[in-house]
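Okay, structure first, notes after.
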Amino acid sequence: MGPSKMLLVIKLSALLAGMAAETPTLAPARAASPPDEIASRSQIEEEQKQEDSLQQQQQQEQEHPHQRDGEAQQQQQHQHQQHPELEPRAPVAAPKKPGDKKDGDEHALAPVPPEGDLVVGEPVMEDTPKEHYKEHQQDSPNNIKLHPGNNSHVASAVFGHPTPGKVYPTHEGFTLWLVEEFEEPLDLDNDHIWTWSDGGLGEGQVRFTKENLVFEDGKMKIVAKKANQGDWPPQQWCSHAEVNGMPNKPLTSGEIRTKHNQFRYGRYEVRMKPPSVRPGDGQTNGNYISTMFAYRDAKYRHWREIDIEVTGDSSRSVTMNVLFAENQEGWLPQIQSTKLFGAPEGTNLREEFHDLAFVWLPDKITWYFDGEEIAIHDSTVSSLPIPELSTKIMMNLWIFNEGYGFGGHEGWNNQYPMQSEYEWFRFYKWDGDNSYPCSDGGSSCLTEDDRYLAGNNPCDGIAQEGLRNGWPACDNSFCPYSASAEVKGARNSEPQEASFFP
């Protein structure tokens, strides 16, 4: 072989070797997660097929603009017919990977690793937000001044009770606005942000009281226990929170809530642990619903709600809801969209604290478990709209009525008292919302509709503005912490039958 041919062979060999080096190695497919304790694999696969079908339908409608709307709602009804035992709680589709979003989704904001940390008590500079939501930030300042404590009622303050000097995570496009560490008791009659509820659910066995919200050991504890005759304060017929009369309940529990409908788009985070239905036993199932959620109060004009509910049917169960309705007195399946999540195998939510969160944006709601995306409610896929009105933040613990239609079918295992625990709560305001929360953390930004029947308890001083079905709110309850309360309480503590709005 001559020198020229040998050189040609050497060049060809080198070229082939280079091509081989550039050929990518296919990564193995990610293993599917095992089925959780709520929804079977077949149900999850069926839900995935239905979601894929909805996405295909969306593409077809873009190609054929005259195709009639409403097929997605028919398909959702067909799903309930296939799985009546899950109505209205349909299984969640396979979780999407963190960072996934649809092309052209201007509001989509997937979580990103913190680019820095906020130290409460020191001014900081945040990076300029991404281009795709700059248009929603009219005059939104980048210089965020952070002040400790609850006395700095200025627009740039972190409200609540953050720990001075503590480093808090940052999330691009969001501003830390409210922090509760529960290191000290909250004065729920005088706090600037928070108060208590005197309500209770019609389908539940509990009446909420301030006494069942306990602050100790650096945590907030919500305690459910048996109601006893002679308890103070007594269960009053008129509930400000429910805008109605309520019969006496066999159990009492607690609900902490913000005073005003001033919270909307943002990131809501909580670190919590639901109850064990028997002391020291995290395995036995019972019945409870332990929550963190956003809720427009009162619901009777505009029902808007976004839920995280940890339930007693399993040590791994998390339910996520969106509700949207107009002029609706009671619950119906068509006003709700539900996702279910089973925590990873080996996880026991009753024995350890975990981080639960949702990000609420104008066209998408995304839920997270320990920082991992677990569910999405997307307005481009679901027939149920994204809530668009301001809400209150609430956390409560309640027990379903006997029969236990939700929250766990084994309620007979419940032993009282039982308690849920919260280590902290954080709210990050979305920088694209220039209307809420109010700059003073109070009521300065509220509209007349935001104030509609928005009282929480007889001690909060918030007027019940508006009518329900043409009737004024009940007004014969008294603040049990006033000077003359015990005299009134003795006169009104006998069991009563509730009168309800027609």
Side-chain angles (χ1 to χ4, degrees), residues 188-189 195-213 224-257 259 261 289 291 295-303 305 323 325 327-332 392 394 396-403 405-406 451-482 484-502:
L188 295 178
D189 287 318
T195 188
W196 53 281
S197 166
D198 70 345
L201 289 82
E203 63 269 33
Q205 296 188 54
V206 308
R207 183 73 180 264
F208 297 137
T209 79
K210 186 177 73 169
E211 281 67 26
N212 294 59
L213 299 167
K225 62 183 182 179
K226 293 182 178 180
N228 297 309
Q229 190 170 3
D231 280 351
W232 187 262
Q235 295 188 38
Q236 300 187 66
W237 170 84
C238 176
S239 167
H240 282 232
E242 295 301 316
V243 198
N244 208 348
M246 295 189 67
N248 283 0
K249 300 281 189 174
L251 304 171
T252 61
S253 187
E255 177 178 85
I256 187 172
R257 49 164 61 186
K259 291 182 175 179
N261 287 313
I289 301 94
T291 72
Y295 177 83
R296 187 164 181 86
D297 185 42
K299 66 184 180 183
Y300 306 108
R301 182 180 287 173
H302 309 292
W303 194 333
E305 184 173 350
L323 291 93
N327 302 309
Q328 183 70 35
E329 284 283 316
W331 178 87
L332 292 172
K392 298 179 182 181
M394 303 187 182
N396 66 27
L397 171 64
W398 60 284
I399 313 300
F400 208 89
N401 284 337
E402 290 189 5
F406 175 64
R451 301 174 186 270
Y452 170 70
L453 296 177
N456 305 286
N457 60 67
C459 306
D460 64 5
I462 298 175
Q464 294 285 55
E465 300 180 16
L467 303 176
R468 178 183 170 193
N469 294 335
W471 292 77
C474 58
D475 61 359
N476 63 340
S477 59
F478 63 92
C479 179
Y481 312 107
S482 65
S484 59
E486 291 198 20
V487 175
K488 293 180 180 179
R491 187 168 58 248
N492 291 282
S493 60
E494 293 300 317
Q496 304 174 53
E497 293 295 327
S499 298
F500 297 93
F501 281 92

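When reading the values below, keep in mind they use all heavy atoms of this one structure, side chains included, and skip hydrogens, waters and symmetry mates.
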How close do [X] and [Y] get, heavy atom to heavy atom, and via which atoms?
{"X": "Ala454", "Y": "Asn261", "answer": "CB-ND2, 4.2 Å"}
{"X": "Gly455", "Y": "Asp297", "answer": "O-OD2, 3.6 Å"}
{"X": "Arg207", "Y": "Gly199", "answer": "CD-O, 3.4 Å"}
{"X": "Ala241", "Y": "Ser197", "answer": "CB-OG, 3.4 Å"}
{"X": "Asn476", "Y": "Cys238", "answer": "OD1-CB, 3.1 Å"}
{"X": "Trp232", "Y": "Pro480", "answer": "CZ2-O, 3.5 Å"}

Side-chain donor-acceptor pair present, [X], [Y], cut-off under 3.5 Å:
{"X": "Ser239", "Y": "Asp198", "answer": "yes"}
{"X": "Ser253", "Y": "Asn396", "answer": "no"}
{"X": "Trp196", "Y": "Asp189", "answer": "yes"}

For [X] and [Y], indicate whether the former's side chain and the latter's backbone hold a donor-acceptor pair under 3.5 Å.
{"X": "Gln464", "Y": "His240", "result": "yes"}
{"X": "Thr252", "Y": "Phe208", "result": "no"}
{"X": "Tyr452", "Y": "Leu467", "result": "yes"}
{"X": "Asn457", "Y": "Cys459", "result": "yes"}
{"X": "Gln205", "Y": "Leu251", "result": "no"}

Open item on the list: Could you tell me if the side chain of Leu397 sits less than 4.5 Å from the side chain of Asn212, heavy atoms only?
Closed with: no
Task: pair Leu323-Lys299: side-chain heavy atoms closer than 4.5 Å - done: no
Open item on the list: Which residues pass the side chain to side chain donor-acceptor pair (under 3.5 Å) test with Tyr300, not counting sequence neighbours?
Closed with: Arg468
- [ ] Sort and list the pairs that fulfil salt bridge (Lys or Arg N to Asp or Glu O under 4.0 Å) and have at least one residue in residues 224-237, not counting sequence neighbours.
- [x] none
If you measure from [atom1] on [X] to [atom2] on [Y], what distance do you get to the nearest 0.5 Å?
{"X": "Ile462", "Y": "Thr195", "atom1": "CD1", "atom2": "OG1", "result": "7.0 Å"}
{"X": "Met246", "Y": "Cys474", "atom1": "CE", "atom2": "SG", "result": "10.5 Å"}
{"X": "Asn401", "Y": "Lys249", "atom1": "CG", "atom2": "NZ", "result": "5.5 Å"}
{"X": "Glu465", "Y": "Leu453", "atom1": "CD", "atom2": "CG", "result": "9.0 Å"}
{"X": "Asn248", "Y": "Gln236", "atom1": "CG", "atom2": "CD", "result": "10.5 Å"}

- [ ] Identify, with sequence neighbours excluded, every residue that meets salt bridge (Lys or Arg N to Asp or Glu O under 4.0 Å) alongside Lys259.
- [x] none
Task: side-chain contact (heavy atoms from CB on, under 4.5 Å) between Thr291 and Glu255, intermediate numbers included - done: CA-CA 9 Å; Thr291 72; Glu255 177 178 85; over 6 Å; no
Open item on the list: Determine whether Lys392 and Tyr295 satisfy the following criterion, side-chain contact (heavy atoms from CB on, under 4.5 Å), listing intermediate values before the conclusion.
Closed with: CA-CA 5 Å; Lys392 298 179 182 181; Tyr295 177 83; 5.6 Å; no
Open item on the list: I'd like to know whether CD of Glu203 has more than 12 heavy-atom contacts from other residues, nucleotides or ligands below 6.0 angstrom.
Closed with: yes
